[in-house]
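See structure below.
Below, chains carry the letters A, B, ... as their sequence lines are ordered, and counting in each starts from 1.
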Amino acid sequence: MAEQREFMTAPDEFGRFGDFGGRFVPEALMPACLELEEAFQDAWADPDFLAEYEGVLSEFAGRPTPVTFLQRLSESLGLRIYAKREDLAHTGSHKINNVVGQTLLTARMGKSRVIAETGAGQHGVATATAAARMGLECTVFMGEVDTKRQELNVFRMELLGATVVPVTSGSRTLKDAVNEALREWVSCVDTTHYCLGSVMGPHPFPWMVREMQSIIGREAARQLRDLRVGVPDYVVACVGGGSNAAGIFAGFANTGARLIGVEAAGGAAISHGTPGVLHGMRSHIIQDEFGQIEEAHSISAGLDYPGIGPEHAYLSAIGRATYVSVGDEPIIGALRTLSELEGIIPALESAHAVAWLIREAGREIPHGSSVLLNLSGRGDKDVAQVLSILRGAS
Amino acid sequence: MKSLETHLRAQRAAGVKSLVPYFMAGLTPDWVQHVHAAVAGGASAVEIGLPFSDPMIDGVVIQEAGLRSLASGTTFDTTCSALGDQELAVPLVAMTYYNIFHHYGLRASARRLQDAGISGTIVPDLSVEEAEPWREACHDGDVSTVFLVAPSTPPERVIRIVAMSEGFVYASARMAVTGQAETVGDAPDVVARVRDACDLPVLAGIGIATPALAHEAAQSADGVIVGTALVRRILDGASPLDTERAVAEFRRALA
Ligand SMILES: Cc1ncc(COP(=O)(O)O)c(C=O)c1O
């Protein structure tokens, strides 16, 4: 008998996807999480809100993004590869989908300010952008280490009118930026919304962010139908917290497509982590034998996160999606391959998905398979880093 | 009734305000001496911080203390071993984040705490919604689970939280992380709301930085929790004797 189960539906009343998810936050933040859950549910069922959200995405953020057949890469790998072009969305990645939704929701809740965490700066730039458009005050927390690595993105956020706060606690990277944003949120929860950047954190964030990103999968499913490809054999996306993957998976969860999440080996929460509780959620976390959270290390700052969204932990546990990892070594090569063969410079994050295709074509992925690749972002933000790596290597 | 509640109720019945200082386990080689010093200075119970890499409700002072402690190799086990040998006349309450117990195993954690003579826990990121497995693991022993009520907690949640809290209810004095403040903040209001909902002892904490603030908060509360103010001193090199004097000052202010 055919599989009757429906995948990627709403979590249970506690925000759990199977054993994962939930709400592990200080009591001071619980009322805000409950308020947000209610506000989101209400907005997401309101046709006027949805029309406004989709309107802003098309008029301001450049949606729908196209699907591009990658002819030369396909030929060289013996596959049929279609790319969903989130790199063409405003601010250069899928992050804009989520922040447009959350800033609209912020205004609807009567709040005047947003705060956000950022690693490389993509989510920070997107939040600053949407906040500027909505007339909201914006503060972005960024690990001090990252503010130095990504100076231009700091300046970009400042140009957009945001305040960037360098975080000097802990390891001074993304996980500490999340801690600091949560600490700030405790002190200003009446006026401020925490615009979390991925499908992580306490309920309702993992669900809400997935819903706000699922437009990627809905569009792609329609576009592949129009291209007469139908359901692809594989849907492949890189995974940091997991928002671009969740967004594209959502369009294919109830089809026969194989869903593949590609983690960075140095931040591979599914491959190398164990169940734990961090940043308000129970999920797979990279931690030491005493339950202390370990730092992630990846060539791409956007995948430098020691956890993963709880729904991915669940999809992995039930076998609906598969999570693989790719080390730093092939990433620059994958970026160059896509640039030279297709005229698309991918973000280092997205290059992980490309690298997995290159590695597994004709091995894990039989020749002739059709693949939908989520190109979550463009590489403009990374060219200085790539240049310095290539110079260092020569 | 578990022993933590018995102890704090007895203090209240005797007209004594409870004073609960906080220390970070493993912060200095002589950290256990600070615990003894606090008892000598008049502590009613002592809160023991088990360091966690990502302390989301702690301010900079306790963050720094936690990182230092972790850097010197402190773990749940080393802390319990150090405390297990001690004769202490007051209850100990462990304060940490849920992942520490989650990772160690809930039942194993509850047993380890009890064997070390720790009779309560405060786990600020464990919401009442998620607490059932932990409460169950602690059910048969003598480890109480203390919950916090925040200024933002609406009345129907207060009822739910106090129904689950054991030992006492932690009244959070402000919408802030741990630190040093200049007022008692919302403490009187939060304490009053907890009292309306239950008869458990109510202790106020978060930002109670001086004996004067402790005195003021204890006008409504059954006692106070003092963390950052003492930890700051230890980070700055305070000796156990300094700690004893500092705690004694708080004790005098509560008399
Ligand atoms: C282009 C791009 N892709 C992917 C990610 C990873 O995030 P997520 O897994 O939430 O999609 C980031 C994060 O910064 C990003 O900038």
Applying side chain to side chain contact (heavy atoms under 4.5 Å, CB included), run through A:Met30 and B:Thr153 and close with a yes or a no.
CA-CA 8 Å; A:Met30 275 303 291; B:Thr153 307; over 6 Å; no
Min side-chain heavy-atom separation A:Arg183-B:Ile57 under 4.5 Å:
no
Counting C-beta onward and ignoring hydrogens, is there a side-chain heavy-atom pair between B:Met56 and A:Val186 closer than 4.5 Å?
no
Can you tell which part of A:Glu289 gets under 4.5 Å to a heavy atom of chain B, answering side chain, backbone, both or neither?
backbone
Side chain, backbone, both or neither: which part of A:Ile285 has a heavy atom under 4.5 Å from chain B?
neither
Tell me whether B:Glu156 at atom CD has more than 12 heavy atoms from other residues, nucleotides or ligands lying less than 6.0 Å away.
yes
Which pair of heavy atoms, one from A:Thr274 and one from B:His103, lies closest together, and at what distance?
OG1-CE1, 4.2 Å
With a 4.5 Å heavy-atom cut-off (strictly below), which parts of residues 36-43 of chain A touch chain B? List them by number.
none
Please examine the side chains of A:Lys175 and B:Asp54, heavy atoms only from C-beta on, and report whether any two atoms are closer than 4.5 Å.
yes
Check whether A:Asp288 gets within reach of chain B through its side chain, its backbone, both or neither, counting any heavy atom under 4.5 Å.
backbone
Would you mind checking which part of B:Phe76 comes under 4.5 Å of any heavy atom in chain A, side chain (CB onward), backbone (N, CA, C, O), both or neither?
neither
In short, A:Ile293 meets B:Ser53 closest at the heavy-atom pair N-OG, 2.9 Å
Please confirm whether the backbone N or O of B:Leu148 pairs with a side-chain atom of A:Glu27, one donor and one acceptor, at under 3.5 Å?
no
Pick from A:Glu180, A:Glu184, A:Arg282, A:Glu294: which one has the most heavy-atom pairs with chain B under 4.5 Å?
A:Arg282
Under 4.5 Å from a heavy atom of chain A, the part of B:Asp58 involved:
backbone
Looking at every non-hydrogen atom in both residues, tell me the closest pair between B:His102 and A:Val277 and how far apart they are.
CD2-CG2, 4.0 Å
Quick one: of A:Cys188, A:Ser187, A:Ala28, who has the most non-hydrogen atom pairs under 4.5 Å with chain B?
A:Ala28
Using non-hydrogen atoms only, which part of B:Thr75 is less than 4.5 Å away from chain A: side chain, backbone, both, or neither?
side chain
Which bit of A:Val178 is near chain B, if near means a heavy-atom gap under 4.5 Å: side chain, backbone, both or neither?
neither
Which atoms of B:Pro51 come close to chain A, meaning under 4.5 Å heavy atom to heavy atom: side chain ones, backbone ones, both, or neither?
backbone
Just how far is it from atom OG1 of B:Thr74 to atom CZ of A:Phe290, taken to the nearest 0.5 Å?
10.5 Å
Using heavy atoms and a sub-4.5 Å threshold, report which of residues 124-131 of chain B line up against chain A, by residue number.
B:Pro124, B:Asp125, B:Leu126, B:Ser127, B:Glu129, B:Glu130
If you count heavy-atom pairs within less than 4.5 Å of chain B, which of A:Ser171, A:Pro31, A:Gly15 leads?
A:Pro31
